[in-house]
Chemist: 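Just dropping this structure here.
A, B, ... follow the sequence lines: proteins, then strands. Residue 1 opens every chain.
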Amino acid sequence: MSHTDYYFRHQCILRKLQKAPASLEEIQDYYELECETHGYAFSFSKRTFIRDKNEILSMFKREIGYNKSLNKYYLEEEEIQDDFGGRIADTYNTYLALNMMESIADFVHLEKRRPQGMEHFSELMQALKGKFIIKFEYEKYDNSDATARRAEPLALKEFESRWYLLAKDLKDNTIKIFALDRMSYPETTKQRFKADKNFNVNTYFEHCFGIVRPSETNAKPEEIILSFKGNKGKYIKSLPLHISQQIIKEDEKELQVKLLLFITHDFVMEILKHGDEVEVLQPQQLRKSLKTILKGAEQYY
DNA sequence: TACGGGACATTTGTTTGATT
DNA sequence: AATCAAACAAATGTCCCGTA
(Lines give C-alpha, C1' and ligand atoms only; values in the text may rest on other atoms or scores of the structure.)
Protein backbone atom coordinates (compact mmCIF):
# COMPACT_ATOMS: atom_id res chain seq x y z
CA MET A 1 0.00 0.00 0.00
CA SER A 2 1.54 3.24 -1.10
CA HIS A 3 1.24 6.68 0.43
CA THR A 4 -1.22 7.60 -2.26
CA ASP A 5 -3.62 4.89 -1.14
CA TYR A 6 -3.37 6.16 2.38
CA TYR A 7 -4.22 9.70 1.31
CA PHE A 8 -6.99 8.35 -0.82
CA ARG A 9 -8.66 6.83 2.22
CA HIS A 10 -8.46 10.10 4.13
CA GLN A 11 -9.87 11.81 1.12
CA CYS A 12 -12.82 9.43 0.99
CA ILE A 13 -13.55 9.81 4.69
CA LEU A 14 -13.47 13.58 4.43
CA ARG A 15 -15.51 13.68 1.25
CA LYS A 16 -18.18 11.44 2.72
CA LEU A 17 -18.43 13.45 5.92
CA GLN A 18 -18.38 16.74 4.07
CA LYS A 19 -21.61 15.77 2.37
CA ALA A 20 -23.39 14.59 5.48
CA PRO A 21 -22.76 12.87 8.82
CA ALA A 22 -22.41 9.14 8.39
CA SER A 23 -22.03 5.97 10.40
CA LEU A 24 -18.84 3.95 10.25
CA GLU A 25 -20.56 1.38 8.03
CA GLU A 26 -21.64 4.07 5.60
CA ILE A 27 -18.12 5.48 5.43
CA GLN A 28 -16.69 2.02 4.82
CA ASP A 29 -19.24 1.32 2.08
CA TYR A 30 -18.44 4.62 0.43
CA TYR A 31 -14.72 3.86 0.52
CA GLU A 32 -15.17 0.37 -0.91
CA LEU A 33 -17.33 1.75 -3.68
CA GLU A 34 -14.77 4.43 -4.51
CA CYS A 35 -12.01 1.83 -4.60
CA GLU A 36 -14.09 -0.39 -6.82
CA THR A 37 -14.59 2.35 -9.38
CA HIS A 38 -10.81 2.71 -9.48
CA GLY A 39 -10.36 -1.02 -9.88
CA TYR A 40 -9.34 -1.95 -6.36
CA ALA A 41 -10.91 -3.93 -3.57
CA PHE A 42 -9.65 -2.20 -0.45
CA SER A 43 -11.43 -1.94 2.86
CA PHE A 44 -10.53 -0.84 6.34
CA SER A 45 -11.30 -1.83 9.90
CA LYS A 46 -12.77 0.19 12.71
CA ARG A 47 -9.35 0.48 14.33
CA THR A 48 -7.89 1.96 11.18
CA PHE A 49 -10.73 4.42 11.08
CA ILE A 50 -10.03 5.55 14.64
CA ARG A 51 -6.38 6.00 13.68
CA ASP A 52 -7.30 7.92 10.55
CA LYS A 53 -9.61 10.10 12.57
CA ASN A 54 -6.71 11.11 14.82
CA GLU A 55 -4.41 11.51 11.88
CA ILE A 56 -6.87 13.85 10.18
CA LEU A 57 -7.08 15.89 13.37
CA SER A 58 -3.34 16.23 13.84
CA MET A 59 -2.45 16.71 10.21
CA PHE A 60 -5.29 18.72 8.83
CA LYS A 61 -6.80 20.17 12.00
CA ARG A 62 -10.16 18.77 11.08
CA GLU A 63 -11.92 17.14 13.98
CA ILE A 64 -14.31 14.29 13.46
CA GLY A 65 -16.91 14.09 16.18
CA TYR A 66 -19.35 11.35 17.06
CA ASN A 67 -23.05 11.74 17.68
CA LYS A 68 -24.16 8.94 19.93
CA SER A 69 -27.89 9.26 19.45
CA LEU A 70 -27.59 9.17 15.66
CA ASN A 71 -24.70 6.70 15.66
CA LYS A 72 -22.99 8.96 13.14
CA TYR A 73 -19.66 10.65 12.72
CA TYR A 74 -19.57 14.23 11.59
CA LEU A 75 -17.04 16.89 10.67
CA GLU A 76 -16.55 19.67 13.20
CA GLU A 77 -16.68 23.19 11.87
CA GLU A 78 -13.42 24.23 10.32
CA GLU A 79 -11.26 26.52 12.36
CA ILE A 80 -9.08 29.00 10.61
CA GLN A 81 -5.61 27.95 11.55
CA ASP A 82 -2.35 29.45 10.56
CA ASP A 83 0.01 26.96 12.02
CA PHE A 84 1.75 23.96 10.62
CA GLY A 85 -1.41 21.89 10.47
CA GLY A 86 -3.22 24.60 8.58
CA ARG A 87 -0.42 24.77 6.08
CA ILE A 88 -0.68 21.07 5.37
CA ALA A 89 -4.44 21.30 5.23
CA ASP A 90 -4.08 23.94 2.58
CA THR A 91 -1.78 21.79 0.53
CA TYR A 92 -4.03 18.86 1.04
CA ASN A 93 -7.12 20.71 -0.11
CA THR A 94 -5.43 21.68 -3.33
CA TYR A 95 -4.36 18.11 -3.77
CA LEU A 96 -7.90 16.92 -3.17
CA ALA A 97 -9.29 19.39 -5.65
CA LEU A 98 -6.82 18.18 -8.20
CA ASN A 99 -7.64 14.54 -7.60
CA MET A 100 -11.32 15.21 -7.82
CA MET A 101 -10.78 16.96 -11.10
CA GLU A 102 -9.07 13.86 -12.33
CA SER A 103 -11.90 11.56 -11.27
CA ILE A 104 -14.52 13.63 -13.01
CA ALA A 105 -12.36 14.18 -16.06
CA ASP A 106 -14.24 11.46 -17.89
CA PHE A 107 -17.49 13.35 -17.64
CA VAL A 108 -16.44 16.95 -17.76
CA HIS A 109 -14.21 18.34 -20.38
CA LEU A 110 -11.39 20.22 -18.73
CA GLU A 111 -8.53 22.16 -20.06
CA LYS A 112 -5.80 19.69 -20.86
CA ARG A 113 -3.16 20.54 -18.35
CA ARG A 114 -1.16 17.94 -16.66
CA PRO A 115 0.48 18.98 -13.45
CA GLN A 116 4.16 18.38 -13.59
CA GLY A 117 6.30 16.83 -10.93
CA MET A 118 3.35 15.16 -9.24
CA GLU A 119 5.35 11.98 -8.83
CA HIS A 120 7.29 13.65 -6.01
CA PHE A 121 4.18 14.74 -4.20
CA SER A 122 3.80 11.89 -1.73
CA GLU A 123 7.45 11.82 -0.80
CA LEU A 124 7.49 15.54 -0.09
CA MET A 125 4.18 15.40 1.73
CA GLN A 126 5.63 12.75 4.00
CA ALA A 127 8.68 14.89 4.76
CA LEU A 128 6.50 17.91 5.34
CA LYS A 129 4.30 16.02 7.72
CA GLY A 130 7.12 14.56 9.77
CA LYS A 131 9.29 17.71 9.54
CA PHE A 132 12.13 15.79 8.01
CA ILE A 133 14.98 17.45 6.16
CA ILE A 134 14.94 16.50 2.49
CA LYS A 135 17.61 16.02 -0.13
CA PHE A 136 17.07 16.44 -3.83
CA GLU A 137 18.67 17.56 -7.05
CA TYR A 138 17.56 20.75 -8.64
CA GLU A 139 17.94 22.18 -12.11
CA LYS A 140 17.69 25.88 -12.67
CA TYR A 141 15.96 27.40 -15.66
CA ASP A 142 19.27 28.41 -17.19
CA ASN A 143 19.96 24.76 -17.91
CA SER A 144 23.06 24.63 -15.76
CA ASP A 145 23.85 21.29 -14.19
CA ALA A 146 21.63 19.99 -11.45
CA THR A 147 22.87 20.76 -7.99
CA ALA A 148 22.30 18.72 -4.85
CA ARG A 149 20.24 20.46 -2.22
CA ARG A 150 19.33 19.92 1.37
CA ALA A 151 16.31 21.77 2.63
CA GLU A 152 13.61 22.05 5.27
CA PRO A 153 10.23 21.67 3.57
CA LEU A 154 7.69 24.30 4.62
CA ALA A 155 4.77 24.00 2.23
CA LEU A 156 3.62 22.69 -1.09
CA LYS A 157 1.78 25.06 -3.34
CA GLU A 158 0.11 24.86 -6.67
CA PHE A 159 0.07 27.69 -9.18
CA GLU A 160 -1.14 27.53 -12.75
CA SER A 161 -1.03 23.76 -12.85
CA ARG A 162 2.49 23.52 -11.52
CA TRP A 163 3.52 22.38 -8.08
CA TYR A 164 6.09 24.17 -6.00
CA LEU A 165 7.85 23.40 -2.80
CA LEU A 166 8.53 26.21 -0.41
CA ALA A 167 11.61 25.25 1.57
CA LYS A 168 14.52 26.63 3.46
CA ASP A 169 17.68 25.84 1.53
CA LEU A 170 20.25 24.76 4.09
CA LYS A 171 23.10 25.90 1.88
CA ASP A 172 22.40 29.55 2.65
CA ASN A 173 19.48 29.31 5.09
CA THR A 174 17.19 31.14 2.70
CA ILE A 175 13.57 30.40 1.99
CA LYS A 176 13.12 29.53 -1.65
CA ILE A 177 10.59 28.20 -4.10
CA PHE A 178 11.41 25.01 -5.94
CA ALA A 179 9.40 23.82 -8.90
CA LEU A 180 8.61 20.13 -8.55
CA ASP A 181 9.13 19.47 -12.23
CA ARG A 182 12.72 20.64 -12.06
CA MET A 183 13.44 18.54 -9.03
CA SER A 184 14.75 15.01 -9.16
CA TYR A 185 15.43 12.21 -6.71
CA PRO A 186 13.80 13.81 -3.70
CA GLU A 187 14.62 11.87 -0.59
CA THR A 188 13.44 12.15 2.96
CA THR A 189 16.32 11.99 5.39
CA LYS A 190 16.05 10.67 8.94
CA GLN A 191 16.97 14.07 10.27
CA ARG A 192 14.21 16.19 11.74
CA PHE A 193 14.06 19.96 11.96
CA LYS A 194 12.17 22.38 14.13
CA ALA A 195 9.52 24.43 12.41
CA ASP A 196 10.08 28.14 12.75
CA LYS A 197 7.16 29.49 14.74
CA ASN A 198 7.50 32.98 13.27
CA PHE A 199 7.16 31.82 9.72
CA ASN A 200 3.75 31.99 8.14
CA VAL A 201 3.16 30.97 4.55
CA ASN A 202 0.22 33.26 4.07
CA THR A 203 2.21 36.26 5.20
CA TYR A 204 5.09 35.16 3.03
CA PHE A 205 2.90 35.12 -0.07
CA GLU A 206 0.67 37.99 1.00
CA HIS A 207 1.82 40.43 -1.65
CA CYS A 208 2.87 37.96 -4.27
CA PHE A 209 1.27 37.26 -7.55
CA GLY A 210 1.50 33.54 -7.89
CA ILE A 211 4.51 32.00 -6.24
CA VAL A 212 7.39 34.26 -7.10
CA ARG A 213 8.73 36.64 -4.54
CA PRO A 214 11.34 39.20 -5.45
CA SER A 215 14.79 38.05 -4.43
CA GLU A 216 15.72 41.38 -2.85
CA THR A 217 14.79 41.10 0.79
CA ASN A 218 13.94 44.78 1.12
CA ALA A 219 11.54 44.78 -1.84
CA LYS A 220 8.29 46.58 -1.09
CA PRO A 221 4.87 45.75 -2.51
CA GLU A 222 3.46 48.47 -4.72
CA GLU A 223 0.01 49.89 -5.08
CA ILE A 224 -1.22 49.10 -8.56
CA ILE A 225 -4.30 50.49 -10.23
CA LEU A 226 -5.68 48.74 -13.28
CA SER A 227 -8.54 49.67 -15.54
CA PHE A 228 -10.33 46.81 -17.26
CA LYS A 229 -12.28 47.87 -20.29
CA GLY A 230 -15.82 46.87 -21.15
CA ASN A 231 -16.97 43.37 -20.39
CA LYS A 232 -13.62 42.23 -19.04
CA GLY A 233 -14.55 43.86 -15.76
CA LYS A 234 -17.18 41.24 -15.01
CA TYR A 235 -14.67 38.50 -15.47
CA ILE A 236 -12.10 40.14 -13.21
CA LYS A 237 -14.76 40.77 -10.60
CA SER A 238 -15.71 37.13 -10.43
CA LEU A 239 -12.14 35.92 -10.61
CA PRO A 240 -9.97 38.42 -8.74
CA LEU A 241 -6.34 38.62 -9.76
CA HIS A 242 -5.23 38.64 -6.16
CA ILE A 243 -6.72 38.65 -2.66
CA SER A 244 -5.76 42.30 -2.26
CA GLN A 245 -7.99 43.26 -5.20
CA GLN A 246 -10.33 46.12 -4.38
CA ILE A 247 -12.83 47.71 -6.72
CA ILE A 248 -12.46 51.46 -6.75
CA LYS A 249 -14.58 52.43 -9.73
CA GLU A 250 -17.19 50.63 -11.75
CA ASP A 251 -19.35 51.71 -14.68
CA GLU A 252 -20.32 50.46 -18.14
CA LYS A 253 -17.02 51.51 -19.68
CA GLU A 254 -14.52 50.22 -17.19
CA LEU A 255 -13.73 48.54 -13.90
CA GLN A 256 -10.93 50.02 -11.86
CA VAL A 257 -9.23 47.84 -9.30
CA LYS A 258 -6.49 48.43 -6.80
CA LEU A 259 -3.91 45.78 -5.91
CA LEU A 260 -1.03 45.68 -3.48
CA LEU A 261 1.70 43.52 -4.96
CA PHE A 262 5.32 42.98 -5.71
CA ILE A 263 5.80 43.66 -9.37
CA THR A 264 7.29 40.48 -10.72
CA HIS A 265 7.77 39.03 -14.17
CA ASP A 266 4.79 36.75 -13.62
CA PHE A 267 2.59 39.70 -12.84
CA VAL A 268 3.68 41.64 -15.92
CA MET A 269 2.88 38.55 -18.00
CA GLU A 270 -0.54 38.39 -16.40
CA ILE A 271 -1.26 41.95 -17.45
CA LEU A 272 -0.08 41.28 -20.99
CA LYS A 273 -2.45 38.34 -21.11
CA HIS A 274 -5.35 40.77 -21.08
CA GLY A 275 -4.11 42.53 -24.19
CA ASP A 276 -5.91 45.75 -25.02
CA GLU A 277 -8.60 45.13 -22.45
CA VAL A 278 -6.53 46.47 -19.62
CA GLU A 279 -4.70 49.67 -18.88
CA VAL A 280 -2.24 50.22 -16.08
CA LEU A 281 -2.97 53.56 -14.45
CA GLN A 282 -0.46 53.30 -11.69
CA PRO A 283 2.47 53.10 -10.97
CA GLN A 284 4.19 55.06 -13.72
CA GLN A 285 7.20 52.77 -13.72
CA LEU A 286 5.01 49.80 -14.64
CA ARG A 287 3.26 51.83 -17.37
CA LYS A 288 6.64 52.59 -18.87
CA SER A 289 7.90 49.02 -18.84
CA LEU A 290 4.68 47.77 -20.43
CA LYS A 291 4.99 50.40 -23.13
CA THR A 292 8.51 49.21 -23.88
CA ILE A 293 7.41 45.60 -24.08
CA LEU A 294 4.44 46.35 -26.32
CA LYS A 295 6.51 48.59 -28.60
CA GLY A 296 9.03 45.80 -28.88
CA ALA A 297 6.26 43.39 -29.82
CA GLU A 298 4.83 45.81 -32.36
CA GLN A 299 7.85 45.60 -34.65
CA TYR A 300 7.10 41.96 -35.40
CA TYR A 301 3.89 42.81 -37.19
C1' DT B 1 -23.49 -0.80 25.56
C1' DA B 2 -20.22 0.69 22.13
C1' DC B 3 -16.43 3.92 21.40
C1' DG B 4 -11.55 4.76 21.89
C1' DG B 5 -7.26 3.23 22.38
C1' DG B 6 -3.31 0.09 24.30
C1' DA B 7 -0.92 -4.11 23.34
C1' DC B 8 0.20 -7.45 20.37
C1' DA B 9 -0.34 -10.13 15.82
C1' DT B 10 -0.36 -10.18 11.00
C1' DT B 11 0.49 -8.48 6.57
C1' DT B 12 3.03 -6.02 3.28
C1' DG B 13 6.84 -3.63 1.59
C1' DT B 14 11.83 -2.31 1.85
C1' DT B 15 16.67 -2.79 2.91
C1' DT B 16 20.72 -5.38 3.44
C1' DG B 17 24.02 -8.65 2.71
C1' DA B 18 25.57 -13.02 1.58
C1' DT B 19 25.90 -16.14 -2.33
C1' DT B 20 26.09 -17.55 -6.97
C1' DA C 1 25.57 -7.90 -11.61
C1' DA C 2 21.63 -10.62 -10.36
C1' DT C 3 19.09 -13.30 -6.91
C1' DC C 4 17.13 -14.52 -2.70
C1' DA C 5 16.18 -14.60 1.96
C1' DA C 6 16.66 -12.77 6.50
C1' DA C 7 15.97 -8.62 9.02
C1' DC C 8 13.68 -4.73 9.56
C1' DA C 9 9.99 -1.18 9.19
C1' DA C 10 5.40 0.48 8.45
C1' DA C 11 0.53 -0.14 8.02
C1' DT C 12 -3.37 -2.52 9.38
C1' DG C 13 -6.08 -5.92 11.95
C1' DT C 14 -7.54 -8.53 16.30
C1' DC C 15 -8.45 -8.70 20.95
C1' DC C 16 -9.61 -6.73 24.98
C1' DC C 17 -10.63 -3.49 28.63
C1' DG C 18 -11.73 1.18 30.72
C1' DT C 19 -15.03 4.57 30.54
C1' DA C 20 -18.72 7.74 29.69
Chemist: How many Å lie between OH on A/Tyr31 and P on C/dT12, as a whole number?
Modeler: 8 Å
Chemist: Is there a donor and acceptor pair closer than 3.5 Å between the side chain of A/Arg51 and the base of C/dG13?
Modeler: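 Under the 3.5 Å cut-off, the side chain and the base do form a donor-acceptor pair.
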Chemist: Rounded to whole angstrom units, what separation is found between the CG atom of A/Asn54 and the C1' atom of C/dA11?
Modeler: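 Value for this atom pair: 15 Å.
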Chemist: Given atom CZ of A/Phe42 and atom C1' of C/dG13, what is their separation to the nearest angstrom?
Modeler: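 For the pair A/Phe42 CZ and C/dG13 C1', the rounded distance is 16 Å.
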Chemist: Between atom CZ in A/Arg9 and atom P in C/dA10, what is the gap in whole Å?
Modeler: 17 Å
Chemist: Which sits closer to the 5' end of DNA chain C, A/Lys46 or A/Asp52, going by the nucleotide each is nearest to?
Modeler: A/Asp52
Chemist: Using a heavy-atom cut-off of 4.0 Å across all strands, would you classify A/Lys53 as base, sugar-phosphate, or nothing?
Modeler: sugar-phosphate
Chemist: Using a cut-off of less than 4.0 Å, is there contact between a side-chain N or O of A/Asn71 and OP1 or OP2 of B/dT1?
Modeler: no
Chemist: Can you tell me if A/Tyr66 touches the phosphate of C/dA20, counting only side-chain N or O atoms and a distance under 4.0 Å to OP1 or OP2?
Modeler: no
Chemist: Identify whether the distance between the nearest side-chain nitrogen and carboxylate oxygen of A/Lys295 and A/Glu298 falls below 4.0 Å.
Modeler: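 Salt bridge: no.
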Chemist: Give the rounded distance in Å between these two atoms: CZ of A/Phe49 and P of C/dG13.
Modeler: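 Atom CZ in A/Phe49 sits about 13 Å away from atom P in C/dG13.
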Chemist: Does a side-chain N or O from A/Thr48 land closer than 4.0 Å to OP1 or OP2 of C/dT12, or not?
Modeler: no
Chemist: Hey, is the side chain of A/Arg47 poking within less than 4.0 Å of OP1 or OP2 on C/dA11, counting only N and O atoms?
Modeler: no
Chemist: Is there a side-chain contact between A/Leu261 and A/Cys208 (heavy atoms, below 4.5 Å)?
Modeler: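 Side chain of A/Leu261 against side chain of A/Cys208, heavy atoms only: no contact under 4.5 Å found.
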Chemist: Aromatic rings A/Tyr73 and A/Phe49: how do their planes relate, parallel, tilted or perpendicular, breaks at 30° and 60°?
Modeler: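 Ring orientation, 0 to 90° scale: perpendicular.
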Chemist: Kindly say whether A/Gly296 contributes a backbone atom to a donor-acceptor pair with the side chain of A/Gln299 at under 3.5 angstrom?
Modeler: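 Looks like yes, one N/O pair under 3.5 Å.
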Chemist: Taking CD1 from A/Ile64 and C1' from B/dC3, how many angstroms apart are they, rounded to a whole number?
Modeler: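 Rounded to whole Å, this separation is 14 Å.
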Chemist: What is the distance from atom CD of A/Gln28 to atom OG1 of A/Thr48, rounded to the nearest 0.5 Å?
Modeler: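 It comes to 9.5 Å.
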Chemist: Expressed as a whole number of angstroms, how long is the span from A/Phe44:CZ to C/dT14:P?
Modeler: 13 Å
Chemist: May I have the distance from A/Ile50 (atom CD1) to C/dT19 (atom C1'), rounded to whole angstrom?
Modeler: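 Going from CD1 in A/Ile50 over to C1' in C/dT19 covers 14 Å.
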Chemist: Across the strands shown, which category fits A/Tyr73 at heavy-atom distances under 4.0 angstrom: base, sugar-phosphate, nothing?
Modeler: sugar-phosphate
